[in-house]
*Asks:* 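Sharing a structure below in C-alpha cells format, with a few things to ask.
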Amino acid sequence: QVQLVESGGGLVQAGGSLRLSCAASGRTFSSYNMGWFRQAPGKEREIVAGIRWSGGSTRYADSVKGRFTISRDNAKNTVYLQMNSLKPEDTAVYYCAATNANSWFIPAANYDYWGQGTQVTVSS
C-alpha cells in the first residue's frame with residue numbers, strides 16, 4: 001500500500017503558476033503509475049495528467065496541454081504537477097493517485113490509492 005498527501009494549492013491570479021506536490025509513504029512507490037485528477041463543484045472527477053512509473057511516458061488532458069507538466073522523483077517518493085498560465089476554469093480540488101494497472105492515463109475508477117486533495121483557485 002501507499003499513502004499520498006498533496007500540497008501546494010492556493011489562490012492565484014489568472015496567468016500565474018503553482019506547483020503541486022504529492023508525497024508518498026509506503027513501499028515500492030516506484031512501481032506505481034501515477035495520475036493527477038481534478039474535480040470542480042458539481043462536476044465529475046477528471047484526469048489531468050498521467051505518468052508511467054519510470055517517468056519516461058506522460059499524457060495530458062487536451063485542456064492543459066502546453067501549460068501543465070507532470071514529473072516524478074522516485075528517490076524522494078514525490079510526484080509533481082507544474083501548472084503555468086492558469087485560467088479560472090482550472091479552479092478545482094486536485095488529487096494525486098496511484099494505480100497498479102499497466103497504464104498511466106486511465107479513469108479514476110482504475111486507481112487504487114488517493115490523496116485527500118488540495119484546493120486550487122484561480123481568480124479572473
Side-chain angles (χ1 to χ4, degrees):
Q1 291 189 261
V2 60
Q3 292 77 48
L4 305 173
V5 180
E6 303 96 335
S7 62
L11 176 64
V12 64
Q13 295 182 18
S17 298
L18 287 172
R19 189 181 76 161
L20 305 184
S21 299
C22 177
S25 61
R27 298 181 180 180
T28 63
F29 169 76
S30 62
S31 298
Y32 293 92
N33 296 326
M34 301 291 296
W36 280 100
F37 293 77
R38 67 186 182 188
Q39 187 168 24
K43 297 183 179 180
E44 294 185 355
R45 190 170 300 185
E46 63 175 350
I47 191 165
V48 174
I51 186 168
R52 196 155 64 93
W53 68 270
S54 67
S57 298
T58 59
R59 291 187 64 181
Y60 299 91
D62 289 341
S63 59
V64 306
K65 285 181 179 178
R67 300 189 297 120
F68 290 10
T69 302
I70 187 172
S71 62
R72 67 190 298 164
D73 187 340
N74 289 341
K76 297 182 178 179
N77 294 332
T78 303
V79 62
Y80 305 95
L81 185 68
Q82 179 67 46
M83 305 185 295
N84 298 327
S85 302
L86 283 163
K87 305 174 181 179
E89 51 263 45
D90 295 319
T91 296
V93 177
Y94 283 71
Y95 301 88
C96 68
T99 178
N100 288 307
N102 293 322
S103 301
W104 59 97
F105 199 79
I106 52 179
N110 297 103
Y111 278 75
D112 302 293
Y113 306 104
W114 292 85
Q116 81 290 341
T118 185
Q119 177 70 47
V120 172
T121 302
V122 184
S123 61
S124 60

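Quick caveat, the model's predicted, so the values are computed rather than measured.
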*Asks:* Can you list, pair by pair, the side-chain donor-acceptor contacts under 3.5 Å of residues 41-51, counting residues two or more places apart and other chains?
*Replies:*
residue : atom : partner : partner atom : Å
Arg45   : NE   : Gln39   : OE1          : 3.3
Arg45   : NH2  : Gln39   : OE1          : 3.3
Glu46   : OE2  : Arg38   : NE           : 2.9

*Asks:* Please output the side-chain donor-acceptor pairs of residues 11-22 that fall under 3.5 Å, not counting sequence neighbours, one pair per line with the distance.
*Replies:*
residue : atom : partner : partner atom : Å
Ser17   : OG   : Asn84   : OD1          : 2.9

*Asks:* Tell me, which pairs form a ring pair (Phe, Tyr, Trp, His ring centres under 6.0 Å) where one or both residues lie in residues 75-117, sequence neighbours left out?
*Replies:*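 Every ring pair (Phe, Tyr, Trp, His ring centres under 6.0 Å) pair that includes a residue of residues 75-117, provided the two are not neighbours, is Tyr32-Tyr113, Phe37-Tyr111, Phe37-Trp114.
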*Asks:* I'd like to check the side-chain contact (heavy atoms from CB on, under 4.5 Å) partners of Gln116; sequence neighbours left out, ordered by chain and number.
*Replies:*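 Residues passing side-chain contact (heavy atoms from CB on, under 4.5 Å) with Gln116: Val5, Glu6.
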*Asks:* CE/Met34 to CG/Asn74 distance, rounded to the nearest 0.5 angstrom?
*Replies:*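 Those atoms lie 9.5 Å apart.
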*Asks:* Which side-chain N or O atoms in residues 117-124 pair as donor and acceptor under 3.5 Å with protein atoms at least two apart or in another chain?
*Replies:*
residue : atom : partner : partner atom : Å
Thr118  : OG1  : Gly9    : N            : 3.3
Gln119  : NE2  : Ala92   : O            : 3.4
Gln119  : NE2  : Thr121  : OG1          : 3.3

*Asks:* For Thr69 versus Tyr60, what's the shortest heavy-atom pair and its separation?
*Replies:*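 Residues Thr69 and Tyr60, closest heavy atoms: CA-OH, 3.4 Å.
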*Asks:* Kindly give the heavy-atom pair with the smallest separation between Ile106 and Asn110, and that separation in Å.
*Replies:*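 The answer is CD1-CB, 3.5 Å.
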*Asks:* Between Asn33 (side chain only) and Ala101 (backbone N and O only), is there a donor and an acceptor less than 3.5 Å apart?
*Replies:*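 Pair found, side chain donor or acceptor close to backbone of Ala101.
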*Asks:* Flag yes if Val2 and Val79 sit in one hydrophobic cluster, no otherwise; membership is Ile, Leu, Val, Met, Phe, Trp, Tyr, and two members link when side-chain heavy atoms are under 4.5 Å apart.
*Replies:* yes
*Asks:* Listing request: all salt bridge (Lys or Arg N to Asp or Glu O under 4.0 Å) pairs with a residue in residues 66-87, at least two apart in sequence or in separate chains.
*Replies:*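 Every pair satisfying salt bridge (Lys or Arg N to Asp or Glu O under 4.0 Å) with a residue in residues 66-87: Arg67-Asp90.
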*Asks:* Kindly say whether Thr99 contributes a backbone atom to a donor-acceptor pair with the side chain of Asp112 at under 3.5 angstrom?
*Replies:* no
